[in-house]
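Working notes for the structure below.
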Amino acid sequence: MPELPEVEVTRRRMAPLLVGRTIARVRTTRPSYFFLTPPAKLRRALEGRTVLALTRHGKYLMATLDNGQTLLLHLGMTGQLFTSDVTSPRLLAKTARSALVPAAQRSFRPDLHTHLVFEFGDGGPELYFRDVRKFGKVGLLATGKADPRIARLGVDALAIEPEALFAATRKRTVPIKSLLLDQAVLAGVGNIYADEALFLAGVRPTRPAQRLTRAECLRLTRAVKQVLERAIETGGSSISDFIGPDGQDGHYQDERWVYSRHGQPCKRCKAVIRRVVLGQRSSHFCPKCQR
DNA sequence: ACCGCACCCTGAGCGC
DNA sequence: TGCGCTCAGGGTGCGG
């Protein structure tokens, strides 16, 4: 679920709980493709390190360490980053070991999906990275050379300029929806906010990218920024898994125009919202408001 | 260079 | 209650 707004909300709330603290001990689960760096190596590299900064590009989080190394984090589809102060009933109900032990439902205990635990040894809250589907990623960036994953990314979606988007659409035959999801063009937009931005811009997701006019690219640029900024303000979308670092749900899902609203009336014109599949992703649009 | 597709994994929700 | 099926917001890598 996490797209740019959820990652940014996570970054803003997590930074004060992470920056300036020294990692005393790291616990991990078994090796899996979740770990870009093998867990044993990761533990050795992180223990004793102090976090200097937490930054974001697209959907990637990067923690700068005091030895110049960078820890890369990606939440994938079901990744959750939170601390032992978490109070989400949804999370606690899922991970409580036994309903017969009330204490287990009041505080989080790492379960089999909690792949990374930071203990700080300062008496403060621990940090957890939990990810059921393991599409998330954690690993150290090689120092001195650019990481291909990061190097591939286009400009962060919050900074996209109309002319750049217009240029990127030329000679591209893919549906505009697919282009918005291409992280090499602009980084951070996922399925929910692509559909929402296209609605706000009045552009149908199926349109071949190269057929968009300059004026439409300008509207789309504004729509992308508007929807992402509004989603950050409302704490992101908590449609299934996302929770903030303190366990708070986001509220953008209450404001969405089209995403997962197929069969329901358009909030603007009452036409029935439709759903089509583009690039193996479900896409939602209003047939009247979007041309 | 570009595009479509298979795949990585687990859980929720649905119809029967 | 339980089974089997479909679907899910992410990214990578392959072949055509």
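Each chain gets a letter, A, B and so on, in the order the sequences are listed, and its residues count up from 1.
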Result block: side-chain N/O donor-acceptor pairs under 3.5 angstrom for residues 167-182 of chain A, not counting sequence neighbours:
{"unit_1": "Thr169(A)", "atom_1": "OG1", "unit_2": "Phe166(A)", "atom_2": "O", "d": "2.6"}
{"unit_1": "Arg170(A)", "atom_1": "NE", "unit_2": "Phe166(A)", "atom_2": "O", "d": "3.3"}
{"unit_1": "Arg170(A)", "atom_1": "NH1", "unit_2": "Gln210(A)", "atom_2": "O", "d": "3.2"}
{"unit_1": "Arg170(A)", "atom_1": "NH2", "unit_2": "Gln210(A)", "atom_2": "O", "d": "3.4"}
{"unit_1": "Arg170(A)", "atom_1": "NH2", "unit_2": "Leu212(A)", "atom_2": "O", "d": "2.6"}
{"unit_1": "Lys177(A)", "atom_1": "NZ", "unit_2": "Asn191(A)", "atom_2": "OD1", "d": "2.7"}
{"unit_1": "Lys177(A)", "atom_1": "NZ", "unit_2": "Asp195(A)", "atom_2": "OD1", "d": "2.8"}
{"unit_1": "Lys177(A)", "atom_1": "NZ", "unit_2": "Ser282(A)", "atom_2": "O", "d": "3.4"}
{"unit_1": "Lys177(A)", "atom_1": "NZ", "unit_2": "Ser283(A)", "atom_2": "OG", "d": "2.7"}
{"unit_1": "Asp182(A)", "atom_1": "OD1", "unit_2": "Ala184(A)", "atom_2": "N", "d": "3.0"}

Run the side-chain donor-acceptor check on residues 30-41 of chain A: report pairs under 3.5 Å with partners two or more places apart or on a different chain.
{"unit_1": "Ser32(A)", "atom_1": "OG", "unit_2": "Phe34(A)", "atom_2": "N", "d": "3.2"}
{"unit_1": "Thr37(A)", "atom_1": "OG1", "unit_2": "Leu140(A)", "atom_2": "N", "d": "2.9"}

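A heavy atom closer than 4.0 Å to some atom of DNA chain B occurs in no member of residues 55-62 of chain A. Within a heavy-atom distance below 4.0 Å of DNA chain B, the residues of residues 271-287 of chain A found are Gln280(A).
Evaluation of the ring pair (Phe, Tyr, Trp, His ring centres under 6.0 Å) rule for Tyr128(A) yields Phe82(A), Phe108(A) as partners, not counting sequence neighbours. Residues satisfying the side chain to side chain donor-acceptor pair (under 3.5 Å) test with Arg211(A), not counting sequence neighbours, are none. In this structure, Asp254(A) has no salt bridge (Lys or Arg N to Asp or Glu O under 4.0 Å) partners at least two apart in sequence or on a different chain. Qualifying side-chain contact (heavy atoms from CB on, under 4.5 Å) partners for Thr70(A), counting only residues two or more places apart in sequence or in other chains: Met62(A), Leu141(A).
Side-chain atoms of Tyr193(A) and Glu6(A) include a donor-acceptor pair closer than 3.5 Å.
Pairs passing the ring-ring contact (aromatic ring centres under 6.0 Å, His included) check and including a residue from residues 265-291 of chain A, sequence neighbours excluded, read Tyr259(A)-His284(A), His262(A)-His284(A).
Distance CG (Asp131(A)) to P (dG11(C)): 13 Å, rounded to an integer number of Å. Residue Arg261(A) contributes atom CZ, which lies 17 Å from atom P of dG9(C) at whole-angstrom precision. Spacing between atom CZ of Arg256(A) and atom C1' of dG9(C) amounts to 12 Å, rounded to whole angstrom units. Atom CD of Glu6(A) and atom P of dA8(C) are 17 Å apart (whole Å). Between the CZ atom of Phe34(A) and the C1' atom of dT12(C) there is a distance of 17 Å, rounded to whole Å. Between Leu181(A) atom CG and dT12(C) atom P the separation is 13 Å, expressed in whole Å. The NE2 atom of His74(A) sits 11 Å away from the C1' atom of dG9(C) (whole-angstrom rounding). For Arg133(A) and dT12(C), the CZ to C1' distance is 15 Å, given to the nearest whole Å.
With Arg11(A) contributing its side chain and Ala15(A) its backbone, the two residues share no donor-acceptor pair below 3.5 Å.
Residue Thr173(A) is classed as a sugar-phosphate contact, given heavy-atom separations below 4.0 Å to backbone atoms only.
Remark: DNA chain C forms stems of 3 or more consecutive Watson-Crick or G-U wobble pairs, all pair distances under 3.5 Å, at B:2-8 with C:10-16, B:10-16 with C:2-8.
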Could you write out each protein N or O paired with an N or O of nucleotides 13-16 of chain C at a distance under 3.5 Å?
none

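Open room surrounds CZ on Arg222(A); 12 or fewer heavy atoms of other groups in view lie less than 6.0 Å from it.
Read 5' to 3', the first and last nucleotides of DNA chain B with an atom closer than 4.0 Å to a heavy atom of chain A are dC3(B) to dG11(B).
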